[in-house]
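Accompanying notes for the structure given below.
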Amino acid sequence: ELAKHWQGKRLLVSAGPTQEAMDPVRFLGNRSSGKMGFAIAETARKLGAVVTLVAGPVALSAHPEIRRVDVVSAQEMLAAVTEQVKQQDVFISAAAVADFRPETAHDRKLKKQAGQDDMTLRLVKNPDIVATVAQQYPDVFVVGFAAETDDVLAHAREKRARKGLDMICANRVGDGLGFETDDNQLTLMTEAQERALTPSSKSQQAFELLAFIAETSF
Ligand code: C5P
């Protein structure tokens with residue numbers, strides 16, 4: 001039944017963390033495993049969608065029918081997403097994009113100086129990929145994620161409106177939930193509707209997310 005709705009639909013998914021280089025051997029990163037984004041991509045493929053996956057550095061493999069573009073930094077992810085998003089029906093931004101990156105990615109390894117007891121690393125803001133897509137491609141149905149440790153629903157609601165997204169998936173993280181785990185509990189939110197899913201595997205959450213998108217947008 002759901003396959004009837006997704007058959008031939010074009011879906012772009014971003015997944016995984018980004019790594020923001022300090023120098024050739026060091027980076028700032030986060031604990032995203034990429035599992036949620038990969039589960040969405042695989043579930044949509046099984047439903048007959050044409051899936052493109054832009055992935056940060058993760059230890060996961062994707063089905064050969066999924067077109068996969070690997071990236072490292074937020075800036076590279078923005079470039080790949082921008083290149084792929086034209087002609088898509090839906091963009092789901094499941095990647096944990098670093099909000100900031102080191103101001104300078106040094107081309108030689110940074111050395112500690114003799115007697116040095118501290119160091120300051122200056123960070124600059126990364127582009128907001130999902131907000132950029134929502135603003136520039138009003139015809140694409142844009143879905144974001146909000147991984148929060150507290151006041152999950154209120155923060156997610158605010159984030160959806162501020163970023164101009166069609167939908168946001170609120171996701172409690174920490175205390176063994178969300179990042180690096182196999183199970184999840186999403187609350188799906190549009191301007192008009194909110195649906196709290198029962199906790200389950202990431203592929204089951206992906207299935208219910210794709211069903212909700214089909215119900216609300218095509
Ligand atoms: O603001 P926050 O990082 O909590 O927002 C999370 C949502 O925004 C996710 O969908 C994430 O993929 C997206 N995001 C983005 N670019 C950023 C930061 C977050 O696309 N620089």
Side-chain angles (χ1 to χ4, degrees), residues 6 9-20 27-45 47 49-63 65-101 125-148 156 159-160 162-171 173 178-180 184 186 188-189 202-203 205-207 209-210 212-213 217:
W6 273 98
K9 285 284 188 306
R10 302 185 59 93
L11 171 67
L12 177 64
V13 183
S14 72
T18 65
Q19 292 179 353
E20 310 296 329
F27 60 82
L28 298 182
N30 64 68
R31 296 187 185 283
S32 169
S33 63
K35 284 178 183 171
M36 190 68 229
F38 275 64
I40 293 166
E42 177 58 12
T43 305
R45 180 195 69 79
L47 292 169
V50 179
V51 181
T52 304
L53 179 58
V54 173
V58 293
L60 296 173
S61 57
H63 190 282
E65 277 169 22
I66 293 174
R67 181 220 297 253
R68 175 173 179 170
V69 181
D70 287 305
V71 298
V72 176
S73 67
Q75 289 175 299
E76 288 172 21
M77 187 172 280
L78 175 64
V81 164
T82 302
E83 188 173 303
Q84 301 296 332
V85 77
K86 297 148 200 156
Q87 317 136 21
Q88 301 285 346
D89 298 302
V90 178
F91 171 46
I92 303 179
S93 185
V97 184
D99 291 319
F100 294 92
R101 66 175 181 275
K125 194 94 167 57
N126 266 329
D128 191 313
I129 299 167
V130 77
T132 303
V133 169
Q135 192 186 39
Q136 293 183 358
Y137 299 90
D139 294 344
V140 177
F141 189 86
V142 178
V143 182
F145 273 72
E148 310 284 347
K159 206 167 273 189
R160 191 200 64 76
R162 172 166 45 86
K163 297 191 186 218
L165 311 180
D166 296 295
M167 183 182 292
I168 201 155
C169 310
N171 187 9
V173 294
F179 277 24
E180 297 176 320
N184 224 353
L186 302 179
L188 311 179
M189 312 174 134
K202 288 183 176 174
S203 26
Q205 301 282 301
F207 185 87
L209 166 59
L210 293 170
F212 193 70
I213 292 171
S217 85

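A distance of 9.5 Å separates CG in Leu12 from CZ in Arg67, rounded to the nearest 0.5 Å. In this structure, CZ on Phe91 lies 14.5 Å from CZ on Arg10, to the nearest 0.5 angstrom. In this structure, Ser33 OG and Leu60 CG are separated by 6.5 Å, a value rounded to the nearest 0.5 Å. Separating the CG atom in Leu165 from the CD1 atom in Ile92 is a distance of 12.0 Å, to the nearest 0.5 Å.
By the 4.5 Å heavy-atom criterion applied to side chains, Val58 and Pro17 are counted as neighbours. A heavy-atom distance below 4.5 Å is found between the side chains of Met167 and Leu209. Between Val90 and Lys9, every side-chain heavy-atom pair lies at or beyond the 4.5 Å cut-off. Between Leu28 and Gln19, every side-chain heavy-atom pair lies at or beyond the 4.5 Å cut-off. Side-chain contact between Phe207 and Leu47 is present, with heavy atoms from C-beta onward closer than 4.5 Å. Under the 4.5 Å side-chain criterion, counting only non-hydrogen atoms from C-beta, Val51 is not in contact with Ile40. You'll find the side chain of Glu42 reaches within 4.5 Å of the side chain of Ile66, heavy atoms only. With contacts defined as side-chain heavy-atom distances shorter than 4.5 Å, the pair Val50/Trp6 does not qualify.
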- Take Val13 and Thr52, measure what side chain to side chain contact (heavy atoms under 4.5 Å, CB included) needs, and give me the verdict at the end. CA-CA 6 Å; Val13 183; Thr52 304; over 6 Å; no
- Query: Is there a side chain to side chain contact (heavy atoms under 4.5 Å, CB included) between Phe145 and Val130 once you walk through the steps?
  - Reply: CA-CA 10 Å; Phe145 273 72; Val130 77; over 6 Å; no
- Report the C-alpha distance between Val142 and Tyr137 in whole Å, list the side-chain angles of each, state the deciding distance to 0.1 Å, and finish with yes or no for side chain to side chain contact (heavy atoms under 4.5 Å, CB included). CA-CA 9 Å; Val142 178; Tyr137 299 90; 5.9 Å; no
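Checked against salt bridge (charged side-chain N to carboxylate O under 4.0 Å, His left out), Arg101 has no partners two or more places apart in sequence or in another chain. Not a single salt bridge (charged side-chain N to carboxylate O under 4.0 Å, His left out) links Asp99 to another residue, sequence neighbours left out.
Heavy-atom minimum distance, Leu188 versus Cys169: CD2-SG, 3.9 Å. Between Ala156 and Ala170, the closest heavy-atom pair is CB-CB, 3.5 Å. Shortest non-hydrogen contact noted between Ala62 and Phe38 is CB-CE2, 4.0 Å. Closest of all the heavy-atom pairs between Ala206 and Met36 is N-CE, 3.8 Å. Closest of all the heavy-atom pairs between Ala80 and Val71 is CB-CG1, 3.8 Å. Residues Gly56 and Met77 share a closest heavy-atom pair of N-CE, 3.9 Å.
The backbone N or O of Leu11 sits less than 3.5 Å from a side-chain atom of Gln88, completing a donor-acceptor pair. The backbone N or O of Arg45 sits nowhere less than 3.5 Å from a side-chain atom of Glu65 that would complete a donor-acceptor pair. Using a distance-only test at 3.5 Å, with no hydrogens or angles considered, a donor-acceptor pair links the side chain of Asn30 to the main chain of Ala96.
Residue pairs meeting the salt bridge (Lys or Arg N to Asp or Glu O under 4.0 Å) criterion with at least one partner in residues 79-94, sequence neighbours excluded, do not occur; the list is empty.
Side-chain atoms of Gln205 and Ser203 form no donor-acceptor pair, as typed in the model, at a separation below 3.5 Å.
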